[in-house]
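Here's the structure, in structure tokens; my notes come after.
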Amino acid sequence: MTARHGRPDSSPDPEATPGTRLVSQVLQWYAANARDLPWRAPGIDGWSVLVSEVMLQQTPVVRVLPVYQAWMTRWPTPDALAADSPGEAVLAWGRLGYPRRALRLHQAAVAITERHDGVVPADYDALKALPGIGDYTAAAVASFAYGRRHVVLDTNVRRVLARTVDGRELPGTSITAAERAMATALLPADPATAARWAVASMELGALVCTARSPRCELCPVVADCAWHAAGRPADDGPPRKAQTYAGTDRQVRGRLLAVLRDAFPDAVPADVLATCWDQAEQRERALNGLVADGLIEAAGDEMFRLPGVTP
DNA sequence: TACTCGTGGGA
DNA sequence: TTCCCAAGAGT
């Protein structure tokens, strides 16, 4: 219980620095406004947090919830998933998007079973060495599941800090050294408090300090927010690249994989897959890409299916 | 660094 | 309708 950081149950310290006051206010707000999500249950295990974090990558909470519940019921431990085929994981992933995440989650489960006795590691470096686990997810799992002290810089936290501290509407395209230094300076010294700050600042970004139409009238730190004080100036950075989808390989891959999911565990003839997309060249490229990624596999002559053989 | 990699819903 | 983007990772 340090007095420097994290006072969720007390009023703001008038002598606190702007940074500690920001942390304190957000922690208080979180205590009263946190969503009741399954991966936040008290005493939650590392596997539950890991699965939720991978599913939540670039994917809204509301779409993750049903898939997460079914996944954890079926595979409550890493070794349970590792014992099933990767195709089952891809199938259970459903339409969450970015299905390579399902494959990598399966690979991570195998690695955890083989290298860590089936226990999700608490160490950041061990986590980051797992397939599909990058800086954010490693820090998040270590922090949320094990109470470790880490800078957890996701898009929500970056936006909250860009606005409150830097006075900018949106963070840049990639994390800068200055950004990380600022987040490190703000991180409470006490590990448990640091972990709460991580999830609390993310929640503020998700519920109040949103990318579009931020709800500043509900914000606990609006009085300390540099962006709000400056009159909420519009982003002056380079225009974000438009995210096209129609006609891309991603769309073709999605269509092909949807057919193979529906057919699983059966294989599908190439001429049936051809009905997904009329441009043969692009269709072949997408199909070959899926095979190269391990999301599907050839099954006999001109047949394809989800990977059904456990490695 | 910049780009690829799904999907669906809100503004 | 179109646009934007939602707890990123890998190359």
Side-chain angles (χ1 to χ4, degrees), chain A residues 30 34-35 37-40 48-68 90 93-105 107-108 127-145 150-160 169-177 183 195 197-207 209-215 235 238-261 276 282 285-286 288-290 292-296:
Chain A
Y30 182 74
R35 286 171 293 180
L37 300 170
W39 44 84
R40 289 180 182 165
S48 298
V49 174
L50 176 53
V51 171
S52 74
E53 289 303 333
V54 173
M55 288 186 174
L56 286 163
Q57 290 167 4
Q58 303 287 285
T59 309
V61 167
V62 288
R63 214 183 314 157
V64 165
L65 279 170
V67 180
Y68 171 84
V90 174
W93 198 255
R95 305 187 63 83
L96 271 188
Y98 293 146
R100 292 190 292 195
R101 291 183 291 167
L103 215 50
R104 293 190 176 128
L105 192 49
Q107 293 165 356
L127 284 163
K128 197 167 182 301
L130 296 171
I133 309 300
D135 168 70
Y136 162 76
T137 304
V141 172
S143 180
F144 303 158
H150 286 284
V151 169
V152 180
L153 264 187
D154 80 320
T155 186
N156 289 302
V157 177
R158 294 186 64 214
R159 189 172 55 248
V160 168
E169 181 187 21
L170 298 169
T173 52
S174 57
I175 297 176
T176 65
W197 155 250
V199 69
S201 53
M202 284 176 62
E203 189 77 336
L204 185 67
L207 298 183
C209 194
T210 52
R212 289 174 296 181
S213 306
R215 306 163 74 181
D235 182 40
R240 297 173 137 62
K241 189 186 171 197
Q243 185 181 27
T244 57
Y245 180 67
T248 63
D249 287 6
R250 297 161 81 172
Q251 183 180 25
V252 184
R253 286 167 58 107
R255 287 193 183 183
L256 292 170
L257 200 57
V259 171
L260 291 163
R261 275 197 307 263
C276 291
Q282 187 179 25
R285 186 170 66 242
N288 291 335
L290 289 170
D293 289 345
L295 280 165
I296 68 177

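Owing to the predicted nature of the structure, the values given are computational and were not obtained by experimental measurement. Chain letters run A, B, ... following the sequence lines, proteins first, then strands; residues in each count from 1.
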Spacing of [X] atom [atom1] and [Y] atom [atom2] [to the nearest 0.5 Å]:
X: E53(A); Y: L127(A); atom1: CD; atom2: CG; answer: 11.0 Å
X: R261(A); Y: I296(A); atom1: CZ; atom2: CD1; answer: 12.0 Å
X: T59(A); Y: Q57(A); atom1: OG1; atom2: CD; answer: 8.0 Å

Under 4.0 Å, heavy atoms only, any strand: does [X] hit a base, just the sugar-phosphate, or nothing?
X: R159(A); value: sugar-phosphate
X: L37(A); value: base
X: R95(A); value: sugar-phosphate
X: D135(A); value: sugar-phosphate
X: T137(A); value: sugar-phosphate
X: T155(A); value: sugar-phosphate
X: R261(A); value: sugar-phosphate
X: W93(A); value: nothing
X: A211(A); value: sugar-phosphate

(request) Check ring pair (Phe, Tyr, Trp, His ring centres under 6.0 Å) between W197(A) and all other residues, then give those that pass, not counting sequence neighbours. (result) none

(message) Can you list everything that forms a ring pair (Phe, Tyr, Trp, His ring centres under 6.0 Å) with Y68(A)? Sequence neighbours excluded, please.
(response) W39(A)

(message) If you assign each of L130(A) and D154(A) to its closest nucleotide in DNA chain C, which residue comes earlier from the 5' end?
(response) D154(A)

(request) Could you say whether T59(A) or I133(A) is positioned toward the 5' end of DNA chain C, judged by the nucleotide with the nearest heavy atom to each? (result) T59(A)

(message) Here's a test of your reading of the structure: between G97(A) and I175(A), which maps to the more 5' nucleotide of DNA chain B?
(response) I175(A)

Taking all heavy atoms of [X] and all of [Y], pick out the closest pair and write down the distance.
X: Y245(A); Y: Q251(A); value: OH-CA, 3.3 Å
X: L295(A); Y: R253(A); value: CD1-NH2, 3.7 Å
X: S174(A); Y: R158(A); value: O-NH2, 3.2 Å
X: M55(A); Y: L96(A); value: CG-CD1, 3.9 Å
X: S201(A); Y: V160(A); value: O-CG2, 3.8 Å

(request) Specify the residues of residues 198-207 of chain A, ordered by number, for which at least one heavy atom lies under 4.0 angstrom from an atom of DNA chain C. (result) M202(A), A206(A)

(message) Going by the rule side chain to side chain contact (heavy atoms under 4.5 Å, CB included), which residues pair with R212(A) if we only count those two or more places apart in sequence or in a different chain?
(response) none

(request) Please measure how far the C1' atom in dT1(C) lies from the corresponding atom in dG8(B), and state the result in whole Å. (result) 15 Å

(message) In whole Å, measure the gap between the P atoms of dA7(C) and dA2(B) for me.
(response) 23 Å

(request) May I ask you to decide if D249(A)'s main-chain N or O and R285(A)'s side chain share a donor-acceptor pair within less than 3.5 Å? (result) no

(message) Of all nucleotides in DNA chain C that come within under 4.0 Å of a heavy atom of chain A, which is furthest toward the 5' end and which toward the 3' end?
(response) dC4(C) to dG10(C)

(request) Could you list where the contact with chain A starts and ends along DNA chain B, reading 5' to 3', using a 4.0 Å heavy-atom cut-off? (result) dT4(B) to dG10(B)

